[in-house]
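Have a look at the structure below, then the notes.
Just so it is clear, the structure is predicted and the values come from calculations on it, not from any experiment.
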Amino acid sequence: MRKNALIKNNGQLNEVDLGEKFGLDENETREIIVQLLSEHKIEYKEDRACNYCLMNIREMKNKRR
């Protein structure tokens with residue numbers, strides 16, 4: 001369920017509020033964001049309230065090269 005949370009959120013909640021929705025505190029949420037950024041699974045991109053979005057598959061493959 002958490003895996004698709006960013007997609008389903010569609011920029012409505014900021015990342016901290018989205019984490020809290022799943023019982024995570026701000027620090028836990030930030031740690032997950034850092035991990036996902038380092039794995040090139042998300043990117044910083046302001047999208048309404050949320051500052052992160054999923055990278056598409058093509059972008060993910062190109063960044064790993």
Side-chain angles (χ1 to χ4, degrees):
M1 180 163 45
R2 290 184 196 176
K3 186 175 182 179
N4 295 320
L6 199 56
I7 295 170
K8 290 179 182 178
N9 180 49
N10 195 28
Q12 295 174 358
L13 297 174
N14 70 39
E15 55 276 5
V16 175
D17 291 339
L18 184 60
E20 286 178 359
K21 184 176 175 181
F22 292 99
L24 303 171
D25 66 24
E26 184 174 351
N27 290 331
E28 292 170 315
T29 300
R30 298 280 179 216
E31 288 176 17
I32 292 170
I33 289 170
V34 168
Q35 180 67 35
L36 292 172
L37 285 167
S38 71
E39 295 173 0
H40 303 289
K41 293 183 178 180
I42 62 171
E43 65 180 334
Y44 180 84
K45 184 177 180 182
E46 292 183 19
D47 182 21
R48 296 187 285 197
C50 189
N51 291 320
Y52 298 91
C53 68
L54 292 175
M55 294 182 67
N56 69 37
I57 294 170
R58 182 175 291 146
E59 289 175 338
M60 286 172 46
K61 287 181 181 177
N62 288 337
K63 293 239 181 197
R64 289 183 181 163
R65 291 182 185 174

Which atom of Asn51 lies closest to which atom of Glu15, heavy atoms considered:
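The pair with the smallest heavy-atom distance is N-OE1, 3.1 Å.
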
Using salt bridge (charged side-chain N to carboxylate O under 4.0 Å, His left out) as the criterion, list what pairs up with Glu20, not counting sequence neighbours.
none

Can you sort out the partners of Leu36 under side chain to side chain contact (heavy atoms under 4.5 Å, CB included), two or more places apart, ordered by chain and number?
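For Leu36, the residues satisfying side chain to side chain contact (heavy atoms under 4.5 Å, CB included) (neighbours in sequence not counted) are Ile32, Glu39, Lys41, Ile42.
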
Using residues 22-29 as the side-chain source, report each donor-acceptor pair under 3.5 Å to any protein atom, sequence neighbours left out, with the distance given to one decimal.
residue	atom	partner	partner atom	Å
Asp25	OD1	Asn27	N	3.1
Asp25	OD1	Glu28	N	2.7
Glu28	OE1	Asp25	N	2.8
Thr29	OG1	Asp25	O	3.0

Glu31: side-chain hydrogen bond (donor to acceptor under 3.5 Å, both in side chains) partners, not counting sequence neighbours
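By the side-chain hydrogen bond (donor to acceptor under 3.5 Å, both in side chains) rule, Glu31 matches no residue at all.
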
Quick one: do Val34 and Tyr44 end up in the same hydrophobic cluster if we chain Ile, Leu, Val, Met, Phe, Trp and Tyr together by side-chain heavy atoms under 4.5 Å apart?
no

Hydrophobic cluster membership, with links at side-chain heavy-atom distances under 4.5 Å among I/L/V/M/F/W/Y: are Leu18 and Val16 in one?
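No, Leu18 does not connect to Val16 through the hydrophobic network.
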
Calculate, to the nearest 0.5 Å, the distance between atoms CG and SG belonging to Asn10 and Cys53 respectively.
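Nearest 0.5 Å value for the CG-SG distance: 10.5 Å.
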
Could you tell me whether the side chain of Cys50 reaches within less than 4.5 Å of the side chain of Gln12, counting heavy atoms only?
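SC-SC contact between Gln12 and Cys50 ruled out.
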
